[in-house]
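Input: a single structure, listed below in structure tokens.
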Amino acid sequence: MKAAIVVFPGINRERDMAIALQLATGHRPQMIWHKETVLEGIDLVVLPGGFSSGDYLRCGAMAAHSPIMPAIHEHARRGGHVLGVCNGFQILTEAGMLPGALLRNAGLRFLSMDCHLRVERADTDFAGHYQTGQVFRAPMAHGDGNYFAASDTLDRLEGEGLVAFRYASASGEITNAANRNGSQRNIAGIYSPNLRVLGLMPHPEDLVDPLMGGIDGKPLFDGLAAALAA
Amino acid sequence: MKDVNQALAAEFGLSADEYQRVLDIMGRTPSFTELGVFSVMWSEHCSYKSSRVWLKTLPTKAPWVIHGPGENAGVVDIGDGLAAIFKMESHNHPSFIEPYQGAATGVGGILRDVFTMGARPIANLNALRFGDPKLARTKRIVDGVVRGVGGYGNCVGVPTVGGEVNFHPSYNGNPLVNAMTVGIADKTKIFLSAAAGIGNPVVYVGSKTGRDGIHGATMASTEFDADSESKRPTVQVGDPFVEKLLIEACLELMATDAIVAIQDMGAAGLTSSSVEMEGKGGVGIELVLDHVPQREPGMTAYEMMLSESQERMLMVLRPDREDVARAIFDKWDLDFAVIGHITDTGRIIVRHKGVLEADIPLDPLADQAPLYHRPTTETPAQAPLGSVPDPVGVMAALFTLIGCPDLCSRAWVYDQYDSTVGGQTVKRPGGADAAVVRIDGFRRAVALTTDVTPRYVQADPEMGGRQAVAEAFRNISAVGALPLAITDNMNFGNPTKPEIMGQFAAAVRGIASACLALDFPVVSGNVSLYNETEGRGILPTPAIGGLGVLEDAAHAVGLAASAGQSLVLIGDIAGHLGQSLWLREIAGREEGPPPPVDLAAERRHGDFVRSEILAGRVAACHDVADGGLLVAITEMLMGGRIGATLAAPPDTVPAHAWWFGEDQACYVLAVTDPSATLALASAHGVPGRLLGQTSGQDLKMADGATMSVAALIAEHERFFPEWMD
Amino acid sequence: MKAVVTVMLKEGVLDPQGKAIGHALGVLGFTGVGEVRVGKRIELDLAETDPEAARKSAEDMGRSLLANLVIESFQVEIV
């Protein structure tokens, strides 16, 4: 799998993502500066976490208009894989590549702690190394992770099986207490209709080493590496 | 523009003597801009004029110290060719006036001190002290400071991994915000601030200059009065996004050979950065302010020289590398301007719009800066406490203590700080006595802590200073790391009062003795004086930031106990209740001498605990500190959500004194083979005692008193969310 | 020519900031405050001198960047 991480100014989890991808693939992913306009020979494009352009207008709004974005749209249109985590998820919604938007957390405070995610379907290239219904832990770190979409959009996402992960209790119940940022229907991550574009708020890339508290996030990258092995 | 005279000098914070000294150096009446330069360079904040004589007595050397005090931050060799660069700095006064921006720019400023030297910042910590939680103002300040620390640190992508939050009414009008940053660099590639190379360009990079924060350094050098709230316009606003770009651009430039010298523009902005760089290099500088990137029209030379606009750096470059540097800053969309050059005149010359605005000899500006041996009086010794009866019983006292503002869970605070960005955080906030952060690409890790117990310092400044260093040593040892060096952030009241200066001098003595005994030198620091409002000073608060190293991050232990472990005490409990939290919270008294610190015992016990951890025989470890032994044990049980059955205290110590005395040099270890630990301890001359076993869901005392750990956790986690949300 | 773009969350989108402000006003004793909504005001200095062209240009900016039409609506005022 050839992976590339897009570096927008203000992004800050690009190195975390590179470590996780390198663990899974055995080689360092390519770093692509946001002012570039071409993506060639790339299987997986990753939009990492951080505060692109300071998140000053809206999270991800300015990055969604970066010079590299047309190439990412084109990559996705051709069926290429795209992973957006945290700010990357926000950029994908701002760019219209995934539906909905990420609003301020319901409690109006930044949330940095581990959360539990329930895998809604495992038959995708991203979740193949998890089981459907499995619960895994991932750190979250965001001020604007409150997933919002109109109710017909939510119905469509659920109807088409495009909800990737939901905030859950450790035992897998979908509860309000587990949904700390107030996301609609506990949605933590969603897929595009072809299941090739995934956006999620929590950071599986920060839980790939037992020393850092666990390897719950590792199957996501191992699964991708296996699915996209050349 | 006003006439320059003694009255104006006084307005700028210069005394009559100091103004006379300016006249002597200049041989004429200084210009308005020149007077501004003198006033900020000779402010307490920049010149350390009251504290320097005492700071010079601190131990600053060790074989592993690469650069001690005097550079932007301290530098220590941590092995594998790596250097850790760190410092703690206060932003107390700005945080009172505008808590969010004060705290945010405090974080930004200390980050710049560290990456200026070539280090990528890998961790932030912050020591915060607030006033009485019952006051509405305290709540507003806590909210703003916590948001500010998080808002800045989260955005720049440096994990906030530790720190302290405490309350005391003495901080009602003077909250303390002490921010610490730790960075990692190749130890052969440390960047210093001494300018060199006649004719070399002086380059300004980063944000544009506005009128923010003019005279911030002098503001940090006076007491607050009723007018302070109206001084709001001088508050600087931080832009963490630009800081992030600046970090990346500077580190990219540092990978080339373009930089001769570099310094951030912190307090007193362009003035102090240019004066310090040229002063250290023994050269001169000529600045043309017309080239300074400006955010507002019509700025004067005085305003540009004194502006404290954030996120700006000053560099001296090799002339043949100017284009390389410019291209990097263009890439990151940051301002880059050549604003002057290095000269051999030994003078700072400032021109603006064709007018010579300042021409000052640099040597006397530094050498003849005021230095005061201010009078000191010793803090009288506290009367012995005598015996204090237990009014409520041990379990009830425990329940009260673990829920009180000074001991309750800080999760509400650190849950707002990104502690995992970077993917190297081995021990997160709340998980261990010190934060542990691995170095990307290495097995090695640093252990980090901030410590001071201001009520001890108030009662006995020397013992309190000693205790602050000893506790940092203990917290680092308790995760298995070797303590290497400290940074000190000295927060005190008005130094012109002999009793305050006496506190300062005694605290320095205590810190110095502990540094020597523990091989734990001071490599950087900061002084914040005049923390007084309407004549009332803060508790003396010499905050200590400690750094240690672990050769292998996998050796680090946390504080959470789990089932089937034995709890072993290392150290002696005499039941010292003077100045304890039990005495304050349960008996309602703030009295007595603080616990004595035996530095030889600290060393011996710490070395033993560390060797046991590195030998893999310790599952969890926690030092005994605020609240005493039973609070330490309870924190370990709550961390692991496990119960325990505890043995009775010895007959020689009253039960409440045994469980809540704040005796020093003590640790609780969770182990699987307690007899082996105790035998080894005894062989090393270290006192040890079996405390009990973990099991079940309840904390059970020998007298039958029982409390569920779940109830203790609920009480422990109650205060902050109830208070703030 | 100056254009002022006011961006508001759409009706029906939860505005937690507005809710928090409403709550705080109540705590401070201000009664009779109904719903509180928080928005953004963006001032643009435009080189354009024709008000209609300026409006059109500001509206383009609103649609493409200044507002996220999934959750926000905006209004342009030329002053």
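Proteins get letters first, then strands, A, B, ... in listed order; numbering begins at 1 in each.
Ranked by heavy-atom pairs under 4.5 Å with chain A, the first of B:D415, B:L245, B:V436 is B:D415. Options B:V146, B:D333, B:V421, B:V426 differ in how many heavy-atom pairs under 4.5 Å they form with chain A, and the most are formed by B:V421. Looking only at heavy-atom pairs under 4.5 Å with chain A, the residue among B:G151, B:G157, B:A411, B:G423 that has the most is B:G423. With respect to chain B, the highest number of heavy-atom pairs below 4.5 Å among A:R109, A:M113, A:H203 belongs to A:R109.
Atom CD of B:E252 has more than 12 heavy atoms from other residues, nucleotides or ligands within 6.0 Å. Remark: A:E36 CD is packed, more than 12 non-hydrogen atoms of other residues, nucleotides or ligands lying under 6.0 Å away. The local environment of CD in A:Q131 is sparse, with at most 12 non-hydrogen atoms from other residues, nucleotides or ligands closer than 6.0 Å.
Looking at B:D440, the atoms closer than 4.5 Å to chain A (heavy atoms on both sides) all sit in the side chain, from C-beta outward. Residue A:P139 touches chain B through its side chain alone, counting heavy-atom pairs closer than 4.5 Å. Only the side chain of A:I19 comes within contact range of chain B, with heavy atoms under 4.5 Å apart. Using a 4.5 Å cut-off between heavy atoms, A:D55 does not touch chain B at all. In this structure, the portion of B:T425 lying under 4.5 Å from any heavy atom of chain A is its backbone and not its side chain. Heavy atoms of B:V156 lying under 4.5 Å from chain A belong exclusively to its backbone. Proximity to chain A (any heavy atom under 4.5 Å) is restricted, for B:E248, to the side chain, taken from C-beta onward. Heavy-atom distances place the backbone of A:I11, and not its side chain, under 4.5 Å from chain B. Neither the backbone nor the side chain of B:K427 comes within contact range of chain A; no heavy atoms are under 4.5 Å apart.
Considering B:E243, B:R112, B:Q101 as possible partners of B:Q310, the one that fulfils the side chain to side chain donor-acceptor pair (under 3.5 Å) test is B:R112.
Counted by atom type alone, B:D212 and B:S309 present one or more donor-acceptor pairs between their side chains at under 3.5 Å.
Summarising the geometry, atom CD1 belonging to B:I184 is positioned 6.0 Å from atom CG belonging to B:L82; distances are rounded to the nearest 0.5 Å.
Taking a cutoff of 4.0 Å between a charged side-chain nitrogen and a carboxylate oxygen, A:D206 and A:R13 qualify as a salt bridge.
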Check the pair B:D143 / B:K139 against salt bridge (charged side-chain N to carboxylate O under 4.0 Å, His left out), numbers first and verdict last. CA-CA 6 Å; B:D143 184 65; B:K139 191 166 155 173; over 6 Å; no
Kindly determine whether B:E551 and B:R443 satisfy salt bridge (charged side-chain N to carboxylate O under 4.0 Å, His left out), including the steps that lead there. CA-CA 7 Å; B:E551 284 184 18; B:R443 298 167 77 92; over 6 Å; no
